[in-house]
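Working notes for the structure below.
Values below: all heavy atoms of this structure, side chains included; hydrogens, waters and symmetry mates excluded. Order of the sequence lines fixes the chain letters, A, B, ..., with proteins taken first and strands second; residue numbering starts at 1 for each chain.
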Number of protein chains: 2
Amino acid sequence: MSTVTRSTDDVRSEGPDGPIRVAQVEIRPQEGLAVVAGRVVSLSVREFELLSALATRSGHVVAREELFSTVWGGPLRRGDRSIDVYVHKLRQKLEAASPGWRFIHTHIGFGYRFAPEPAA
Amino acid sequence: MSTVTRSTDDVRSEGPDGPIRVAQVEIRPQEGLAVVAGRVVSLSVREFELLSALATRSGHVVAREELFSTVWGGPLRRGDRSIDVYVHKLRQKLEAASPGWRFIHTHIGFGYRFAPEPAA
DNA sequence: CATCGCGTTCACAGGTGGTTCACGGTCACG
DNA sequence: CGTGACCGTGAACCACCTGTGAACGCGATG
């Protein structure tokens, strides 16, 4: 496993409803879409909310519990794989738009961390 | 050279759940990760807890008994090598993130001491 | 209806982490 | 020297967590 990665603190989150910008990723809340590396990435509601939840805390590990309660509302039931599935969908779309980059990092036992980094 | 052991007064531990900071090491309790020399070091649960236990008493020798009861809970059974194994894992990760530095020092018969020092 | 997009759930595979072994090295002591 | 206590370190073993493709259900749409 990759043990060490560079931290990305180049976060420039804007106001509540303003666009969130992290590196080559721009999230537009009002339009429900994201622009990655200049390409428009269309997202479903769930995908969008999950990405927002992660990106607003860019560089920090967000617990699965917290992600679930934020995006789905309510406590995370044991065995619920929704988060995993949507993280997977997001990764596909993001990496398709910006090949050679990794955006969502797994921290086993804790949660996920959003941070655009070049693939090893 | 002489065994220069700087008294670690450069410790700036924050509040209970705030980040623990010692020299180039920052530990974020809520996220289960550490940032060393600006690099994100991903840690497993055990690794993280052990590092926390050591870092919160930075500069002091922490007894094996105490480490075990803190991290694993319960008394240290004679012959249990878990601590050794995890100290080894931590050293690998920390020193990979900050080459030329030593962080965890062995005090044979007593325990371990956390203190970032340049490698001899 | 037939189709489609989306969210959820399922099933399987692969990866990761925690524990324990095994072997070797160092050091103190008789 | 032997011996034993203690530690460093690589590896084996197994449970658990996560990745991932696919099936299912359902409301919206034509």
- prompt: Which part of the nucleic acid, if any, lies within contact of B/Val45, taking any heavy atom under 4.0 Å across all strands shown: a base, the sugar-phosphate backbone alone, or nothing?
  reply: sugar-phosphate
Closest to the side chain of A/Arg91, out of D/dG19, C/dT8, C/dT20, is D/dG19
Only residue of A/Leu54, A/Leu51, A/Leu94 satisfying side chain to side chain contact (heavy atoms under 4.5 Å, CB included) with A/Phe103 is A/Leu94
Exercise. Kindly determine whether A/Thr106 and A/Arg91 satisfy side chain to side chain contact (heavy atoms under 4.5 Å, CB included), including the steps that lead there.
Key: CA-CA 11 Å; A/Thr106 305; A/Arg91 287 210 257 234; 3.4 Å; yes
Here the distance between atom C1' of D/dC16 and atom CZ of B/Arg46, to the nearest Å, is 13 Å
hydrophobic_cluster_shared for B/Leu50 and A/Ile108, side chain cutoff 4.5 Å | no
Closest to the side chain of B/Ser44, out of C/dG17, D/dT20, D/dT9, is C/dG17
Rounded to whole Å, the CD-P distance (A/Glu49 to C/dT8) equals 10 Å
- Item | Below 4.0 Å: OP1/OP2 of D/dT20 and any side-chain N or O of A/His88 | yes
Discussion item. Heavy atoms only, 4.0 Å cut-off, all strands: where does B/Tyr112 land among base, sugar-phosphate and nothing?
Written reply: sugar-phosphate
Main-chain N/O of A/Ala115 paired to A/His105 side chain as donor or acceptor, under 3.5 Å: yes
Practice problem: Would you tell me if any nitrogen or oxygen in the side chain of A/Arg81 comes within less than 4.0 Å of OP1 or OP2 on D/dA22? | Solution: no
Check your understanding: Can you get from B/Trp101 to B/Val41 by hopping between Ile, Leu, Val, Met, Phe, Trp and Tyr side chains that sit under 4.5 Å apart?
Key -> yes
Whole-Å distance, A/His107 NE2 to D/dT18 P, equals 12 Å
From CD of B/Glu65 across to P of D/dC7 the rounded distance in Å is 11 Å
When rounded to whole Å, the CG to P distance for the pair A/Asp84 and C/dA13 reads 18 Å
Per atom distances to the B/Ile108 side chain, the nearest of D/dC7, D/dG19, C/dT20 is D/dC7
task = For A/Arg77, report the nucleic acid contact type (base, sugar-phosphate, nothing); a contact means any heavy atom under 4.0 Å.
result = sugar-phosphate
Correct closest heavy-atom pair for B/Leu33 and A/Arg113 would be CD2-CD, 4.0 Å
When rounded to whole Å, the CG to C1' distance for the pair B/Leu90 and D/dT9 reads 15 Å
Give a yes/no answer on whether the side chain of B/Arg64 brings an N or O atom under 4.0 Å of OP1 or OP2 in D/dC6. no
query = Is any side-chain nitrogen or oxygen of A/Trp72 closer than 4.0 Å to OP1 or OP2 of C/dT8?
reply = yes
Whole-Å distance, B/Leu33 CG to C/dG17 P, equals 14 Å
With the side chain defined as heavy atoms from C-beta on, A/Lys89 is closest, among C/dT19, D/dT20, C/dT8, to C/dT8
Out of C/dT19, D/dC7, C/dT9, minimum distance to the side chain of B/Val85 belongs to C/dT19
message: Categorize A/Gln92 for me: base, sugar-phosphate, or nothing, with a 4.0 angstrom heavy-atom threshold over every strand shown.
response: sugar-phosphate
In whole angstroms, the gap separating P of D/dG4 from CZ of B/Arg78 amounts to 12 Å
